[in-house]
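What you see below is based on every heavy atom in this structure, not just the backbone, and it leaves out hydrogens, waters and symmetry mates. Chain letters run A, B, ... following the sequence lines, proteins first and then strands; every chain starts at 1. Here the structure is a predicted model, which means the values were calculated and not measured.
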Protein chains: 2
Amino acid sequence: MTLAEKAYLGLRHDIVHGAFAPGSPLRLADLAERYGMGFSPLREALNRLGAERLVTSETLRGFRVAPLSLAEFEDALATRLLIEAEALRLSMIKGGDDWAAGVVAALYALQLQADRKGTGADLWELEARHHAFHLALLAACGSEWMLEIFERLHHATQRYRVPVLLASTGPGTRDIQAEHKALADAALARDEATALPLLRAHYLRSADTIRETLATAPAAPAKRRRA
Amino acid sequence: MTLAEKAYLGLRHDIVHGAFAPGSPLRLADLAERYGMGFSPLREALNRLGAERLVTSETLRGFRVAPLSLAEFEDALATRLLIEAEALRLSMIKGGDDWAAGVVAALYALQLQADRKGTGADLWELEARHHAFHLALLAACGSEWMLEIFERLHHATQRYRVPVLLASTGPGTRDIQAEHKALADAALARDEATALPLLRAHYLRSADTIRETLATAPAAPAKRRRA
DNA sequence: AATCTGTATATTTTCGAAGATTGTTGTTGT
DNA sequence: ACAACAACAATCTTCGAAAATATACAGATT
């Protein structure tokens, strides 16, 4: 693996997991020290991430972590629902035994980790399995483009989901695993009329949590403009 | 404007307009001479284009123009229809006078160029105005993500449309401008039940032309694999 | 004849320094 | 005290060369 690929994966991981504050500048000298490499591979990675909207860049003024905003989240969520609903519909039509088995396996692995709730260190593992479960649902849709858009929107919204994850271990938690089970059952039964609304409701409920969190503790509040 | 941006725009233009054959290697030494710059800005541009799926890259084996395939075209078309139908629906709901005026202006400019058919040099101008018209239809959807996906899918499918453009000046041409007029009228009347099927039909008809062309003269035929 | 091996060439990838631009600080003049 | 201006510092951007790797070719071996 080249350094540029390492830089891409490392930067994406660190941005998506919130290691860099949204809006903060990504100075090349700092990054070169952090990741132990020169400017070239870092700039290549930053350009890729710019194309994916995880970082912003301004000519001769360098790169920044893309800022967070409620509007962008709502936008990304609506687009996600559009893509995922169609991809799930197609998967239910086209998916064979392999697809069904993948869904069952992903759900099982997810629930194993969810039952293990407690240690906060495993939170990212839970997130990874949650994502893997949703990917498994769409895997048979047959559209590379839809799957890629799904991945991109996942990365773009992951930073917003950190509070949801943290809340999911706390008290008064809604039974997310029951939602997953119901969704998987409907999908495996090819019951479009049940599965699609369940998917929609699943995301909208997470969105409510995020809206509350962003409203009380806005991550990217007032932004100064030069006078 | 930095050299890296020039490289990005130049490469994208040349790839999308078919100046490089699909699948052909993009050697840095050649590109450096063609665009008159060093490796660094070129590699940054190629990484951006890689994230947009216009070029492929393999570790330590460099970059290539992304190959063309009927399957990818069908996939991109289906995804386009999904996104554009929803974006048009939203635009019709949210769009105000500015949006309507923009649609009328784009349609008018498009038809001016279409009537001017003859000189093949203006073919790309026709393509640009065609794209501008479809963008104008979606402009009021309020979703940055949908608009960006629209742009990306446009670039990804533009290479396939070259034969359609060439055919559009020939004999036996279907009346594309009438389709545009009808689509614009329905959109401005906020007639969802008419506009969405028109949009769908418009794209599917272009797709038919492309399928025929690809079937008779496959751009990316047999691909050798090493034994 | 076919396959392996070692050498030479071509190409990508990375670094370190030089060039270019922006922002800051300190100075001067009114 | 305030505005204009010049030198300075920080940072991004680009180049050219060096390092690492893959490809092509020729010769040796089975």
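Using Watson-Crick or G-U wobble geometry with both donor-acceptor distances under 3.5 Å, C/dT30 finds its partner in D/dA1.
A salt bridge is defined here as a Lys NZ or Arg NE, NH1 or NH2 lying under 4.0 Å from an Asp or Glu carboxylate O, and A/R152 with B/E148 meets this definition.
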Quiz prompt | Worked verdict on B/T2 versus B/E5 for side chain to side chain donor-acceptor pair (under 3.5 Å) | solution = CA-CA 5 Å; B/T2 62; B/E5 291 172 82; 2.9 Å; yes

Practice problem: List the steps, then state whether side chain to side chain contact (heavy atoms under 4.5 Å, CB included) holds for B/R53 with B/H155. | Solution: CA-CA 10 Å; B/R53 287 195 179 275; B/H155 286 136; over 6 Å; no

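Using a 3.5 Å distance cut-off with no hydrogens or angles, the side chains of B/Q158 and B/H154 do pair a donor with an acceptor. With no hydrogens or angles considered, no side-chain donor-acceptor pair links A/R43 and B/S40 at under 3.5 Å.
The distance from atom CG of A/L31 to atom C1' of D/dT11 is 13 Å, rounded to the nearest whole Å. When rounded to the nearest whole Å, the span between CZ of A/R27 and P of C/dG23 equals 12 Å. Rounding to whole angstrom units, CG of residue A/L26 and P of D/dC12 are separated by 9 Å. One interatomic measurement links the two molecules: CD of A/E33 to C1' of C/dG16, which rounds to 17 Å at whole-angstrom precision.
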Can you name the atoms? Protein N/O to nucleotides 13-19 of chain D N/O, anything below 3.5 Å, with the distance.
from   : atom 1 : to    : atom 2 : distance (Å)
D/dT13 : OP1    : A/L60 : N      : 2.9
D/dT13 : OP2    : A/R43 : NH1    : 2.5
D/dT13 : OP2    : A/R43 : NH2    : 3.2
D/dT14 : OP1    : B/L3  : N      : 2.3
D/dC15 : OP2    : B/G38 : N      : 2.8
D/dC15 : N4     : B/S40 : OG     : 3.2

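Applying the 6.0 Å contact sphere to CD of B/E151 captures more than 12 heavy atoms from other residues, nucleotides or ligands.
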